[in-house]
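Report on the following structure.
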Amino acid sequence: PWLVLGAVMFTYVNIGAYWTYIELATVDSAASPEWVADMLVYTSFFSLVGCLAAVLLSNRYGLSRPLLVTLVFQASIVAMLVFGITNTTVMISMFAFNFCWIFVDIYQAATISNIDRSGRYVALLPAAQGIGNGLGPNIAATVLAWGLGYNGVFIMCAAASIVAMLVYLYMYLMLKKKIPALADAS
């Protein structure tokens, strides 16, 4: 359970920093401010599609494998912004990020529920999310203070997602050896 909570924290470092700085990162870019504002509104509705897709994928492939792929994909769509911010890249990034955010939340909550039948660690899930959500913007602010710009923030976000994926991968491989049914639970 502690591994899951640690991975949740890293995931929310990514999420907190991304949503705190995505709009600010577009100010001096090729993206239109009106477009960015519209995307911030519309992407929230896209999470409904993410919920349905997460359930369907989990029923077919379990929790672990879709979670691992989602974290890598989320890292990729954040890192994509390092190569330039345009109306198109902002749209793709925001829609895909929000879509993945829902996947990650559903899979992380289900994973800790499967591992911790007592519910003691499940109750700590919001704390891990809150710690990550608080650390993410602060780490990103430090990256900006060091002069690494928004590209540095996006690289940090992607790295946080990859760290979470590596924690889950380690956990998956260990469970696959010891409790295969739990490793591939849905």
Side-chain angles (χ1 to χ4, degrees), residues 1 3-23 31 35-81 87-117 119 121-130 132-133 136 154 157-158 160-169 171-172 175-176 179-186:
L3 285 175
V4 175
L5 292 172
V8 168
M9 186 205 60
F10 280 109
T11 301
Y12 269 81
V13 164
N14 171 26
I15 292 167
Y18 179 88
W19 286 120
T20 298
Y21 286 102
I22 186 63
E23 185 175 18
W35 178 260
V36 172
D38 287 345
M39 290 303 100
L40 286 169
V41 172
Y42 300 139
T43 57
S44 62
F45 297 112
F46 203 67
S47 61
L48 297 173
V49 177
C51 288
L52 177 61
V55 170
L56 294 173
L57 282 174
S58 174
N59 289 341
R60 181 168 172 114
Y61 299 106
L63 296 169
S64 296
R65 289 174 286 176
L67 176 58
L68 295 171
V69 170
T70 300
L71 288 167
V72 170
F73 182 64
Q74 193 173 44
S76 300
I77 59 176
V78 172
M80 167 189 74
L81 296 173
N87 285 346
T88 302
T89 59
V90 164
M91 179 186 69
I92 292 168
S93 180
M94 285 185 187
F95 276 91
F97 193 90
N98 210 38
F99 185 79
C100 289
W101 181 8
I102 296 305
F103 266 62
V104 169
D105 272 357
I106 290 169
Y107 294 151
Q108 288 183 138
T111 298
I112 199 162
S113 294
N114 283 340
I115 291 172
D116 173 35
R117 297 289 184 184
Y121 293 95
V122 173
L124 295 174
L125 191 61
Q129 291 171 329
N133 225 0
F154 296 134
C157 287
S161 188
I162 294 299
V163 168
M165 185 278 302
L166 290 172
V167 170
Y168 282 117
L169 179 61
M171 188 178 77
Y172 176 74
L175 286 173
K176 195 77 169 157
I179 314 170
L182 186 55
D184 293 315
S186 59

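Taking the six-membered ring where tryptophan is involved, the planes of Phe103 and Tyr107 are perpendicular, since the angle between them exceeds 60° and thus also 30°. The aromatic rings of Trp101 and Trp19 sit tilted, their planes meeting at an angle between 30° and 60°.
Considering OG of Ser64 and CG of Leu169, their distance stands at 9.5 Å, rounded to 0.5 Å. To the nearest 0.5 angstrom, Thr111 atom OG1 is 12.0 Å from Leu3 atom CG. In this structure, CG on Asp105 lies 11.5 Å from SG on Cys100, to the nearest 0.5 angstrom. To the nearest 0.5 angstrom, Ile77 atom CD1 is 11.5 Å from Thr89 atom OG1. Residue Gln74 holds its CD atom at 9.5 Å from CG of Asn98, rounded to the nearest 0.5 Å. Here Thr43 contributes atom OG1 and Phe97 contributes atom CZ; the two are 10.5 Å apart, rounded to the nearest 0.5 Å.
Looking at Ser44, its side chain does come within 3.5 Å of a backbone N or O of Val41 through a donor-acceptor pair. Between the Asn14 side chain and the Ala160 main chain, no donor and acceptor come within less than 3.5 Å of each other.
For the 3.5 Å distance criterion, the side chains of Tyr18 and Ser93 qualify, holding a donor opposite an acceptor.
Using a 4.5 Å cut-off on side-chain heavy atoms (C-beta onward), Phe95 and Tyr42 make contact. Here the side chains of Met39 and Asn87 are not in contact, with every heavy-atom distance at 4.5 Å or above. Looking at heavy atoms from C-beta onward, Ile22 lies in side-chain contact with Leu40 at the 4.5 angstrom threshold.
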Applying side-chain contact (heavy atoms from CB on, under 4.5 Å) to Trp35 and Met91, what does each step give before you reach the verdict? CA-CA 9 Å; Trp35 178 260; Met91 179 186 69; 3.8 Å; yes

Could you walk me through whether Met94 and Val36 pass side-chain contact (heavy atoms from CB on, under 4.5 Å), step by step? CA-CA 9 Å; Met94 285 185 187; Val36 172; 3.9 Å; yes

side-chain contact (heavy atoms from CB on, under 4.5 Å) between Tyr168 and Gln108, worked out: CA-CA 10 Å; Tyr168 282 117; Gln108 288 183 138; 2.9 Å; yes

Apply the test side-chain contact (heavy atoms from CB on, under 4.5 Å) to residues Val167 and Val4: give CA-CA distance (whole Å), side-chain angles for both, the deciding distance (0.1 Å), then the verdict. CA-CA 8 Å; Val167 170; Val4 175; over 6 Å; no

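Scanning both residues, Val122 and Ser113, for their nearest heavy atoms gives CG2-CA, 3.9 Å. The two atoms that bring Ala164 and Thr11 nearest to each other are CB-OG1, 3.3 Å, heavy atoms only. Pro66 and Leu63 get closest at one heavy-atom pair: CD-O, 3.5 Å. Taking every heavy atom of both residues into account, Asn133 and Gly16 meet most closely at OD1-CA, 3.0 Å. In terms of heavy atoms, Ala17 sits closest to Cys157 at CB-SG, 3.6 Å.
Exactly one residue among Thr70, Leu71, Leu67 makes a side chain to side chain contact (heavy atoms under 4.5 Å, CB included) with Met165. That residue is Leu71.
Summarising the local packing, CZ of Phe10 is surrounded by 12 or fewer heavy atoms from other residues, nucleotides or ligands at distances under 6.0 Å.
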